[in-house]
Structure formats: C-alpha cells, structure tokens
Amino acid sequence: MTAAGTAAACSRVDLNDEPDGGTLLHRLRKRGSVRIGFANEAPYSFLDKDAELTGEAAELAKAIFDRLGVRRIEPVPSDFGALIPGLRAGLFDIVGAGMSITPARCAQVLFTDPEFDAAEAFLVPKGNPRGLATMADVAANSNVRLGVLLGAVEADVAERSGVPGARITRFADQPSAFDGMIGGRVDAVALTSISLNWGLQQRKHADLEVTAPYRPVVDGRPITAAAGAFAVTPDQTDFVAAFDRELHKLRDSGELLRIQRPFGFTEADVPAPELTAQRVCAA
C-alpha cells in the first residue's frame, strides 16, 4: 500500500460513527487539508496540463475551503461510478465532481445545496438531421440510438421518458461518448449543455453540434435533472451547514458565477435560492 493509501486507510471513519452532526470540519482544520474525490471530467473537476486540479467544482472547493480554514486540497481521482462507494469507504472526505443530486443518491450520501442547476442538451451531427430537441423526441423515434455516460442522470431521464434500454449506450467518459458519435455508434449523446459545449470546444473540427438547452419533463412534470453539488457521508450535517453558508454567500454576491464562468457556466446555470438539496432529494 502506498503512503497515500495508508493515510487514507488510517483516517477512514465508519458511517454513522459521528453523532450530533459529525466532526468532519474539525478534523479537516486540524489536518490542514481535504481529500476531494473527482472523476477527471471537464469542466467540473479535472487535471490540467500541469497535473493541477481545476474545473468549476475544483475552483469552487478551493474558495469555500479557504473560507472554512482548510488551506490544502488533496485530489483523489476515481471513476465516476466509484465516487460514492469511495466516499463511503473513506477514501476521500468529500465528492467534488459536479455530481447531480438524485433521490437514489440522497439515500447514500448527504449533499450540499446545489452549486449549479444545468439544462440538458444533445450532441448531434451538424444540422441535427433527426430534429432532436427533447428526450421525448428521442423516445418517439425508434431509429435513434442514444449515448449517455455511465452512472450519469441522463440514462434515468431517458428511461423515464420512454427510451428503451436497448437503444441506450453507456460510455465510460465524455471523450468516449464523443468518439462514439464520430464513429457512428450512436445518433445523439445526452449530457448537460455545459459539458457538451465544453467538449465540442476541444474538438472544433468535428462535424457535430450541440442542440439548444432544454429542461426535461417526465410524466408532464418538469424535473431537476442536473443540479450539481458536493457530497459527504450522511452523518456530517454540521459540515454541510457550514459549507452551505459559504456557498450561499458566494452565490448571493455574484462570486459564484465569477468562479464558474471560465468553465462555460452562465447566469442561467446559477441555482435559485429556493433550490435546496432537500427539495431535489424529495422530488
């Protein structure tokens, strides 16, 4: 086991082992650092050309933890699907990967309030030959093969919208999904408009485009599909309260958008004050 692995193992905390709201923030301040689990997915949290952690969630984490008195960030890479198991196993202290809040995930972890509320879109061939605008269009056209990311909320949105599982291909990451489109394995890729526009900027010569953003509707009711947040173990309510206080200050002052804007976020992606983790979890 590496030194980092030994340190992680020694600092693991069993779930529900810290009553009365937990002591995570106290432990992080004492240690002087926080281990952040991330999936190396741009533009949320990823390693740049100098192997430094950056991205919307990463830069926001740096700002908030600095305000909380924790000066050092220790990035811990993980597959997206392994982030929650890794958190629960104590491999890192917090998930900072732009993870969408869902009721299923709320049963496993405790989310902060949303840091963004993104719209969905599709990556399609230029000209959008199948005329896709919403997931209902994908469901209605039996010839459309849809790509999603493994573990991402778009698969759930697709299935709840009536897209058969046989027409859904799951890709390990965003670059694989783009390659699947270019290679003709799928006819469209569903992701947030933020992710797709960022990815297309990296492949400017690809014969692809991103459709107009839309908000999913399931069973006639609009749903919040991509409200991204940080996550900790369920016993850390005190930490989440402290984190949310700083997040709300950044949002209300406009500093949140200033941090997010370099990564393709706009004013439309800033969550409304009434959009809380509790509300999304209960949806």
Side-chain angles (χ1 to χ4, degrees), residues 41-44 56 80 98-103 114 116-171 173-228 260-261 263-272 275 280 283:
E41 180 187 355
Y44 304 105
E56 176 272 337
F80 188 87
M99 179 177 283
S100 295
I101 303 171
T102 68
F116 64 82
D117 179 22
E120 298 288 334
F122 298 103
L123 180 71
V124 295
K126 275 190 177 175
N128 193 8
R130 299 189 185 272
L132 303 179
T134 70
M135 196 64 78
D137 298 328
V138 177
N141 190 332
S142 60
N143 294 318
V144 174
R145 300 162 299 165
L146 182 69
V148 299
L149 296 194
L150 189 65
V153 297
E154 285 76 21
D156 180 60
V157 172
E159 290 172 351
R160 291 173 64 188
S161 299
V163 182
R167 287 204 276 126
I168 301 174
T169 298
R170 289 167 171 79
F171 294 97
D173 50 34
Q174 186 189 100
S176 299
F178 270 75
D179 289 342
M181 275 290 304
I182 293 170
R185 291 182 58 194
V186 293
D187 303 296
V189 171
L191 263 178
T192 65
S193 59
I194 296 168
S195 295
L196 293 176
N197 281 309
W198 179 275
L200 194 56
Q201 286 180 13
Q202 319 310 313
R203 296 169 180 255
K204 294 181 179 178
H205 300 298
D207 200 27
L208 303 170
E209 68 179 64
V210 177
T211 62
Y214 78 98
R215 298 284 174 169
V217 175
V218 175
D219 297 328
R221 184 171 63 92
I223 63 170
T224 302
Q260 295 173 323
R261 199 183 290 279
F263 302 100
F265 290 68
T266 69
E267 189 172 352
D269 302 309
V270 176
L275 187 66
V280 181

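As the structure is a computational prediction, the values presented were derived from the model and not from experiment. Side-chain atoms are counted along with the backbone in the values below, which use heavy atoms only and exclude waters and symmetry mates.
For the atom pair Leu149 CG and Leu191 CG, the distance stands at 4.5 Å (nearest 0.5 Å). How far CG of Asp187 is from CG of Leu123: 11.5 Å, rounded to the nearest 0.5 Å. Here CG of Leu208 is found 7.0 Å from CZ of Phe178. Values are rounded to the nearest 0.5 Å. Atom CH2 in Trp198 sits 12.0 Å away from atom CD in Glu41 (nearest 0.5 Å). Summarising the geometry, atom CG belonging to Leu132 is positioned 5.0 Å from atom CG belonging to Asn128; distances are rounded to the nearest 0.5 Å. Remark: Ile223 CD1 to Arg215 CZ distance equals 11.0 Å, nearest 0.5 Å.
At least one donor-acceptor pair under 3.5 Å links the side chain of Glu209 to the backbone N or O of Gly127. Under the 3.5 Å distance criterion, the side-chain polar atoms of Asp269 are left unmatched by any main-chain donor or acceptor of Phe116. No donor-acceptor distance shorter than 3.5 angstrom exists from the side chain of Asn197 to the backbone of Ile194, with no hydrogens or angles considered. Under a 3.5 Å cut-off, the side chain of Thr192 and the backbone N or O of Ser195 do form a donor-acceptor pair. Between the side chain of Ser161 and the backbone N or O of Val163, no donor-acceptor pair lies under 3.5 Å. Formation of a donor-acceptor pair under 3.5 Å by the Arg145 side chain with backbone atoms of Gly184 is found in this model. Under the 3.5 Å distance criterion, the side-chain polar atoms of Arg167 are matched with a main-chain donor or acceptor of Ala139.
Contact record, Glu120 with Ala226: OE2-CB, 3.5 Å, taken as the closest heavy-atom pair. Closest non-hydrogen pair, Arg203 versus Ile182, comes out as NH1-CD1, 3.5 Å. The two residues Arg130 and Asn141 make their nearest non-hydrogen contact at NH1-ND2, 4.3 Å. Taking all atoms of both residues into account, the shortest heavy-atom contact from Pro103 to Ala283 is CG-O, 3.4 Å. Minimum heavy-atom separation, Arg185 to Thr169: NH2-CG2, 3.7 Å.
With sequence neighbours excluded, no residue forms a side chain to side chain donor-acceptor pair (under 3.5 Å) with Arg261. For Phe80, the ring-ring contact (aromatic ring centres under 6.0 Å, His included) test picks out no residue, with sequence neighbours left out. Residues satisfying the side chain to side chain contact (heavy atoms under 4.5 Å, CB included) test with Lys204, not counting sequence neighbours, are none.
Donor-acceptor pairing under 3.5 Å is recorded for the side chains of Ser176 and Asp173.
Using bins of under 30°, 30° to 60° and over 60° for the plane-to-plane angle, the ring pair Phe122/Tyr214 lands in the parallel bin.
We find that Arg170 and Glu159 are joined by a salt bridge, their nearest charged nitrogen and carboxylate oxygen being less than 4.0 Å apart.
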